[in-house]
Peer 1: 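Just passing along the structure, written as structure tokens.
The basis for the numbers below is simple: all heavy atoms, side chains too, and nothing from hydrogens, waters or symmetry mates.
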Amino acid sequence: MITLWHYLAVAAALFGIGLVGFLTRRNMITMFLCAEMMFQGVAINFAAFGRYHGNLQGQAFVLFIIAVAACEAGIALALFLTLYRRGKSLDASDWQSLREAGVPPVIDTEPLPTEVTVPDDLLAPAGVRPTPVKAEEPANV
């Protein structure tokens, strides 16, 4: 039989995984999804206690959590799109300019590695006929 403690364990696991993910990740979309996971852990907790006490107050709180999460998702998506268009990055440490006035910047001790892009010489630009590739000569061993 599933008891209250089973629901609380699942809710605690969801909240814990979300908290660890939020604190360790730097991508803003991943941080947002981890915050949503924490919301779901709290929602399970409210629903379980509402069921345990035999009233509907927990379910009412869950409806409010779902409504707030839906509004948050819309605002967060608009914010992510705007930030990405401005800086071409969603790394949370790159957005030091958004801090409050008078707050010193946080020095990132472990910056993200820069991506090295290697151009693909085999592909021609759009609208240009590709040149034939010369066969490489076998290596003398």
Side-chain angles (χ1 to χ4, degrees), residues 1-139 141:
M1 179 176 178
I2 297 178
T3 63
L4 173 68
W5 300 107
H6 292 94
Y7 289 109
L8 296 181
V10 170
L14 275 176
F15 191 86
I17 292 169
L19 182 65
V20 169
F22 187 84
L23 294 176
T24 59
R25 301 295 177 178
R26 294 162 75 174
N27 186 336
M28 292 170 66
I29 295 175
T30 307
M31 292 170 70
F32 169 73
L33 291 175
C34 290
E36 291 295 325
M37 190 181 298
M38 289 190 290
F39 276 148
Q40 296 306 317
V42 171
I44 291 174
N45 218 353
F46 279 139
F49 275 117
R51 170 83 182 212
Y52 180 73
H53 290 295
N55 57 22
L56 297 176
Q57 293 172 352
Q59 284 83 356
F61 276 117
V62 170
L63 289 176
F64 285 121
I65 288 173
I66 290 172
V68 167
C71 295
E72 178 193 6
I75 293 171
L77 180 61
L79 178 67
F80 295 156
L81 287 173
T82 303
L83 290 177
Y84 186 76
R85 286 180 183 164
R86 271 173 106 188
K88 301 297 183 212
S89 173
L90 288 178
D91 184 16
S93 63
D94 288 345
W95 293 100
Q96 293 287 325
S97 62
L98 297 178
R99 67 183 180 279
E100 189 175 339
V103 176
V106 177
I107 306 300
D108 196 8
T109 58
E110 199 174 312
L112 290 176
T114 57
E115 293 184 20
V116 178
T117 57
V118 178
D120 192 3
D121 294 333
L122 299 177
L123 295 177
V128 176
R129 185 175 297 272
T131 58
V133 179
K134 296 179 182 177
E136 295 181 15
E137 298 201 14
V141 179

Peer 1: Got a second to check how far I29's CD1 is from L77's CG, nearest 0.5 Å?
Peer 2: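 The CG atom of L77 is 8.0 Å from CD1 of I29, to the nearest 0.5 Å.
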
Peer 1: If I take atom CE from residue M28 and atom CG from residue L90, how far apart are they, to the nearest 0.5 angstrom?
Peer 2: 6.5 Å

Peer 1: Taking only residues two or more places apart in sequence or in another chain, which ones pass side-chain contact (heavy atoms from CB on, under 4.5 Å) with P104?
Peer 2: none

Peer 1: Once you round to the nearest 0.5 Å, how far does CG of L19 lie from OG1 of T24?
Peer 2: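 Between L19 CG and T24 OG1, I get 9.0 Å after rounding to 0.5 Å.
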
Peer 1: Check residues 31-52 and write down every donor-acceptor pair under 3.5 Å in which the side-chain atom is one partner and the other belongs to a residue at least two apart or another chain.
Peer 2:
none

Peer 1: Under the side-chain hydrogen bond (donor to acceptor under 3.5 Å, both in side chains) definition, can you give me all pairs with a residue in residues 68-86, not counting sequence neighbours?
Peer 2: none

Peer 1: Would one find more than 12 heavy atoms of other residues, nucleotides or ligands at under 6.0 Å from atom CD1 of I2?
Peer 2: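 Open: at most 12 neighbouring heavy atoms sit under 6.0 Å from CD1 of I2.
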
Peer 1: Mind checking side-chain hydrogen bond (donor to acceptor under 3.5 Å, both in side chains) for H6 and listing every partner two or more places apart, or none if nothing turns up?
Peer 2: T3

Peer 1: Heavy-atom count check: over 12 atoms from other residues, nucleotides or ligands less than 6.0 Å from Q59 CD?
Peer 2: yes

Peer 1: Roughly how far, to the nearest 0.5 Å, is CZ of F80 from CG of N27?
Peer 2: 8.0 Å

Peer 1: In chain order, what residues pass the side-chain hydrogen bond (donor to acceptor under 3.5 Å, both in side chains) check against S89, with sequence neighbours excluded?
Peer 2: D94

